[in-house]
Amino acid sequence: MKRIVQISAVTTLLAASAFAIGQPAGYTGPSTKPAATSGYTGPSSVPLTTAKELLDKGKDDQHARLQGKLLSHKGGDDYEFADQSGKITVEIEPEHFPAGVSIDQNTVVELTGEFDKETFGDSSFEVKQIKVVGK
């Protein structure tokens, strides 16, 4: 009986340790899902564009980068993004927010992703990576 209790205690401690290790420290994003802890941060050949250029001339599934601010959370994965040219709805999965970094309406970010051009309704930008540029 003692052996079963000891094995149970060790198993519980190991499970708790594995859970704690899997949680990113300091994540302040909008979800309880774990954040991505690493990723490529070097230069990109994806062109920097503006919200207006993307909405006016963008092609469906076009890769692009936008630089500006997330003005507000619209609900779910949708955020309102603005740059010097205008506004666009961006879709950001919680795991794409950088771990341990707080992003608010005053934070300048660079978003990399794909344009989702809609024939009817509002087009949006699906974010794959967020890089904080400044406050």
Side-chain angles (χ1 to χ4, degrees):
M1 180 69 173
K2 274 186 173 180
R3 184 119 174 107
I4 292 173
V5 171
Q6 288 174 338
I7 291 172
S8 177
V10 169
T11 304
T12 302
L13 285 173
L14 288 174
S17 296
F19 177 77
I21 290 170
Q23 298 300 309
Y27 178 69
T28 59
S31 176
T32 57
K33 288 185 181 179
T37 56
S38 64
Y40 180 73
T41 59
S44 174
S45 62
V46 176
L48 189 61
T49 189
T50 66
K52 182 172 178 28
E53 287 174 333
L54 208 51
L55 289 169
D56 290 348
K57 302 175 186 172
K59 308 276 188 248
D60 191 37
D61 296 329
Q62 172 184 336
H63 292 272
R65 289 184 303 138
L66 298 170
Q67 197 170 83
K69 298 177 181 180
L70 295 173
L71 297 182
S72 66
H73 182 214
K74 297 171 79 172
D77 293 339
D78 293 340
Y79 295 81
E80 182 176 46
F81 171 87
D83 61 15
Q84 73 280 4
S85 73
K87 298 177 183 178
I88 188 171
T89 298
V90 296
E91 299 172 17
I92 307 173
E93 298 278 333
E95 62 267 17
H96 293 302
F97 280 94
V101 178
S102 180
I103 296 175
D104 63 22
Q105 70 277 8
N106 299 312
T107 307
V108 179
V109 293
E110 181 176 291
L111 308 177
T112 304
E114 291 182 6
F115 184 53
D116 186 16
K117 179 95 172 168
E118 297 294 336
T119 305
F120 301 102
D122 295 332
S123 296
S124 62
F125 187 71
E126 185 178 340
V127 175
K128 300 296 183 185
Q129 182 183 39
I130 302 173
K131 186 186 302 184
V132 174
V133 177
K135 276 273 183 181

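Residue indices begin at 1 and follow the sequence shown.
A donor-acceptor pair under 3.5 Å is formed between the side chain of Asp83 and the backbone N or O of Ala51. A donor-acceptor distance shorter than 3.5 angstrom exists from the side chain of Asp60 to the backbone of Lys117, with no hydrogens or angles considered. Panel note: side chain Ser85, backbone Lys52; a donor-acceptor pair is recorded below 3.5 Å.
Contact detail for Lys128 and His96: the closest heavy-atom pair is O-ND1, 3.0 Å.
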- [ ] Assess whether side chain to side chain contact (heavy atoms under 4.5 Å, CB included) is satisfied between Val101 and Thr107, documenting all intermediate values.
- [x] CA-CA 10 Å; Val101 178; Thr107 307; over 6 Å; no
- [ ] Go through the steps to decide whether Gln67 and Val108 satisfy the test side chain to side chain contact (heavy atoms under 4.5 Å, CB included), and finish with yes or no.
- [x] CA-CA 7 Å; Gln67 197 170 83; Val108 179; 4.2 Å; yes
Task: Trace of the side chain to side chain contact (heavy atoms under 4.5 Å, CB included) decision for Thr112 with Lys131 - done: CA-CA 8 Å; Thr112 304; Lys131 186 186 302 184; over 6 Å; no
TODO: Apply the test side chain to side chain contact (heavy atoms under 4.5 Å, CB included) to residues Phe115 and Leu55: give CA-CA distance (whole Å), side-chain angles for both, the deciding distance (0.1 Å), then the verdict.
DONE: CA-CA 9 Å; Phe115 184 53; Leu55 289 169; 4.2 Å; yes
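Hydrophobic cluster membership differs between Val132 and Leu71, with clusters built from Ile, Leu, Val, Met, Phe, Trp and Tyr side chains linked at under 4.5 angstrom. Leu66 and Val133 fall into different hydrophobic clusters, where Ile, Leu, Val, Met, Phe, Trp and Tyr residues are linked whenever their side-chain heavy atoms come under 4.5 Å apart, directly or through other members.
Asp122 CG: 12 or fewer foreign heavy atoms inside a 6.0 Å radius. The local environment of NZ in Lys87 is sparse, with at most 12 non-hydrogen atoms from other residues, nucleotides or ligands closer than 6.0 Å.
Pro98 has its side chain within reach of Ile103: a pair of non-hydrogen atoms, C-beta onward, lies under 4.5 Å apart.
Remark: Asp104 CG to Lys69 NZ distance equals 9.0 Å, nearest 0.5 Å. Here the straight-line distance linking atom CD1 of Ile92 with atom CG of Leu70 works out to 4.5 Å at 0.5 Å rounding. Atom NZ of Lys57 and atom OG1 of Thr49 lie 9.0 Å apart (nearest 0.5 Å). Atom CD of Glu126 sits about 10.0 Å away from atom NE2 of His63, to the nearest 0.5 Å. Asp77 CG to Glu91 CD: the interatomic distance, rounded to the nearest 0.5 Å, is 7.0 Å. Separating the OH atom in Tyr79 from the CD1 atom in Ile130 is a distance of 8.0 Å, to the nearest 0.5 Å.
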